[in-house]
Amino acid sequence: MTANDAIRAALGRAAERLGAPGAEVTLERPRDPAHGDLATNLALTLAKVLNAKPREVADRLVAVLDLPPGLVRKTEIAGPGFINFFLSEGELSAVLGAVLAAGPRYGRSESGQETAINVEFVSANPTGPLHVGHGRGAALGDAIASLLEWTGHAVTREFYVNDAGAQIDKLARSLWARVQQRVGRTAEVPEGGYQGDYLVELAEEILTSEGRAFADLSQDEGLRRCRAIGMRSQRAEQDEDLRAFGVKFDVVFFESELYRLGLIEQTLRHLAERGHTFEQDGALWLRATAFGDDKDRVLRKRDGTYTYLLPDIAYHRHKHERAFRYAIDVWGADHHGYVPRVRAALLALGLPEDFFEVEIVQLVRVMRGGEEVRFSKRTGDFVTLRDLFEETGVDAARYFFLMRRGDSQLVFDVDLAKSQTDENPVFYVQMAHARMSGIFRVAGRAPESVSADDVALAVLDAPEEIDLMKELAAFPGVVTRAAQEREPHRITGFLDGLARVAHAWYHKYRVLGEPPPREQGRLVLARAVRQVLANGLTLLGISAPDRM
RNA sequence: GCGCCCGUAGCUCAGGUGGAUAGAGCAGCAGCCUUCUAAGCUGUUGGUCGGAGGUUCGAAUCCUCCCGGGCGCACCA
C-alpha cells in the first residue's frame, strides 16, 4: 500500500467517524511545496454536509485521523481548511517497491468487480471508408474500454453494423450506377448516394472478376449483387483499417441479426404491452415524451416499414438481455440529438436508468501546412483514417485523438504529429521511455534484473527524484478517475507530466557510474519510471519503444 | 425559433461534483552540448477565465440573460 492509499483510506475512516460515510476523498499534490507532499480538500467538501466551518471540520478530521505510524512527519491545516501532509523521510520511496512488484499491472485495480460493460464504438455504416472522425471514436472507445478493464470491469468491445437499412440500398444503387458507367452507359449515382472514387474502383474490380456480363444483369439482380458485394467489401476494408489502427472488437453485431431473431417485432410488442405506443395518422408512435424526450417518435411508418429507431431500441434491449449491466455508446456529435429518444425508449421498456450511456465525440479538424484539410463525405472528398495514420503513424494518431476531452473539438496538426522533436507530445513521452530503457541497455542488464530489495532508497533525495516518486504514486488514482469520468485525456496528460520530470531528471543526473548505493537507487527509479510510462502508453494502445 | 456541446495566455488546450497567488505545451525572449539519445534541459515575458447580473465566507467552476462558434431539431440513417 502506497502512502497515497494509506492516507486516503485513513481520511475515509475519519470522515465516517464524523458522520459522513462514503465521502469521496481526493488527494492532490500541491503545486507549492510549502503545502506539503499531499493535500486534501476533504474538510472543505464536507463542510456543507456537516454544516460546520471548513477549518473546524479540518480540526475534527485531524483529531480522529488514524494514520499508520511513521508514515507522515507532519500534518497541518492551512488556508480555508486544506489538510496538508508532509511524508516521513524515505516514505515516498515505498512506491518504487509497489511499482516493481506489480510491473505491467501497476495502476490496475479491482473496483469494477467484474461488472459486465458493453462499449460500442465506431459502428460506421458499411458504405465507405472510415474517416478521421471514426478514428477519433475508435481511439476513444478503445481507450475507455481499456480504462474500464484496468479498473476491473468485464468489457466487451462491440461494433454495430447497419446492414438492413436504407443506406445499404443507396450503396447498392451507387455501385450499380458505377458499374453501368464503366461499360459506357449513361447512369447517375443517385441523389444522396455515395460519390466517392472507391466505388468506381470497386465497380472495376467487379467487372474484372465477374466479367462484363455482370452489367447486363436485370436491375433487381444487379442491385442485389451490388448490395452484397459492396457491403462485404466495405466491411472488409473497415476491419482492415481498424486492425491496422490497433483496435480489436470482440463482437461485430449485424442489424439483420435483430430481424433474424425476431427481436424487432418482440420489442415493438413489449413497448405496446407496456402501453407506451399509440397509432396516429396511420403510423405507430412511441410515447417518448412520457420519458423525457421532447417529441413523440414514429416507430412504424405509414408505409409499414420501420424507422431506424426501432432496430436501435431492439439492439440495446438485446444488450441488456445479454446480461450487460451498462452499455456505453461512443457517438459522433452529429447524433447527439438522438440520445433522448433512445434513452426514452429504454426507460419505456423498464431498463435501469443508468444502463445506457453515451459519450459524444466532437468533430476533428485536420490541419496541414497551416491550412485546414477540407473533407466532405457527400462529395467523396475526405481524409480517410488510413490516409491519416499512414502519414503520421498509428501511435501519433492515437495519442493525438486522445489528447483532448472527447467533448471538445479537436484540431489535428498533421505536421506536428509527424515531427520528431520534443514539440510532438507523443514523441516526447516515448522518448522518455526510450531514455530509461537506454540506461539499462548501456548497463548491459535487463530492467527486470533490478530489484528494490536491499537498496537504500533514501539515496533518492534530489527534488527531481522526489517529484518522480510522487508522480508514480499518483498513477493508480489517475487511472481510476479517468475510468470513472470516461476521460482518457487524463492519461495523456499524466504521461506528459511524468515524461517532463523524467527528462529533467535524466538531463541533470547520471545513473551509471555513480557510487554503488546511488547507482542502485537510481536504477530502481529508472526501472519504475520506465514501467509506469509503458503502462500508461500500453493502456492507450500506444507502443513504448526501447529506442527511437 | 428550440435543444446539446464549446468559448481560459498570440496559438493548441488542461483545470469545471465551488476552495490556497488561474496552469501546461508551443510560439517569443535569455541561456545550457566532453553526457546513460541536445530526438533533450533551465529561466523568463504573456490572462478583465466571451460579456453582464445573481447565489456564496469564497465562482473559471453553480444559476439567469446576452454575444460568438459547432452540431442537432424527419413517418432519413
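Letters A, B, ... mirror the listed sequences (proteins, then strands); counts begin at 1.
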Report task. Applying salt bridge (charged side-chain N to carboxylate O under 4.0 Å, His left out), run through A/K319 and A/E120 and close with a yes or a no. Result -> CA-CA 10 Å; A/K319 284 184 188 172; A/E120 183 209 322; 2.7 Å; yes

Query raised in the report: Counting any heavy atom closer than 4.0 Å, what does A/V298 reach on the DNA or RNA strands: base, sugar-phosphate only, or nothing?
Result: base

Requested in this report: Go through B/rG16, B/rA77, B/rA20 for me and flag the one nearest to the A/P80 side chain.
Outcome: B/rA20

Requested in this report: Between A/D334 and A/Y428, just flag the one whose closest nucleotide in RNA chain B comes earlier from the 5' side.
Outcome: A/Y428

Query raised in the report: Is there a donor and acceptor pair closer than 3.5 Å between the side chain of A/N84 and the base of B/rA20?
Result: yes

Query raised in the report: Is it true that A/F494 and A/F475 have ring centroids separated by less than 6.0 Å?
Result: yes

Report summary line: Among B/rU42, B/rU12, B/rA27, the one nearest any side-chain atom of A/R404 is B/rU12

Query raised in the report: Looking across every strand, which nucleic acid part, if any, lies under 4.0 Å from A/A333 by heavy atom: base, sugar-phosphate, or nothing?
Result: sugar-phosphate

**Report entry** Ion pair check, A/E519 and A/R522, cut-off under 4.0 Å
**Finding:** no

Query - Touch class at under 4.0 angstrom, heavy-atom based, for A/E423 against every strand present - result: sugar-phosphate

**Report entry** Nucleotide opposite B/rG72 in a Watson-Crick or G-U pair, distances under 3.5 Å
**Finding:** B/rC2

Query raised in the report: A/D296 near the nucleic acid: base, sugar-phosphate alone, or nothing, with a heavy-atom cut-off under 4.0 Å?
Result: nothing

**Report entry** Pairwise C1' distance, B/rC26 and B/rA60 [rounded to whole Å]
**Finding:** 22 Å

**Report entry** For B/rU34, the Watson-Crick or wobble counterpart (both distances under 3.5 Å)
**Finding:** none

**Report entry** Counter-base of B/rC62, judged by Watson-Crick or G-U geometry with both distances under 3.5 Å
**Finding:** B/rG54

**Report entry** Complement of B/rA77, any strand, by Watson-Crick or G-U distances under 3.5 angstrom
**Finding:** none

Query - A/T492 vs B/rA14: side-chain N/O to OP1/OP2 distance below 4.0 Å - result: no

Query raised in the report: Between A/R173 and A/D169, is there a side-chain N and carboxylate O pair less than 4.0 Å apart?
Result: no

Query - Over 12 foreign heavy atoms within 6.0 Å of CD, A/E485 - result: yes

Query raised in the report: What nucleic acid atoms does A/R300 come within less than 4.0 Å of, heavy atoms only: base, sugar-phosphate, or nothing?
Result: nothing

Query raised in the report: More 5' along RNA chain B: A/R510 or A/F82, using each one's nearest nucleotide?
Result: A/F82

Report task. Check every atom of B/rC71, B/rG15, B/rU37 against the side chain of A/R435 and return the nucleotide holding the closest atom. Result -> B/rU37

Query raised in the report: To the side chain of A/V411, which of B/rC13, B/rA39, B/rG15 is closest?
Result: B/rC13

Query - Sugar-phosphate only, base, or nothing, as touched by A/R302 at under 4.0 Å among non-hydrogen atoms - result: base

**Report entry** Nearest to side-chain heavy atoms of A/R481, which nucleotide of B/rU17, B/rA74, B/rU37
**Finding:** B/rU17

Query - Of the listed nucleotides B/rC36, B/rA20, B/rA77, the one nearest the side chain of A/H335 - result: B/rA77

**Report entry** Base partner of B/rG43, which must satisfy Watson-Crick or wobble distances under 3.5 Å
**Finding:** B/rC29

Report task. Taking syn as within 90° of 0 and anti otherwise, name the glycosidic form of B/rC6. Result -> anti

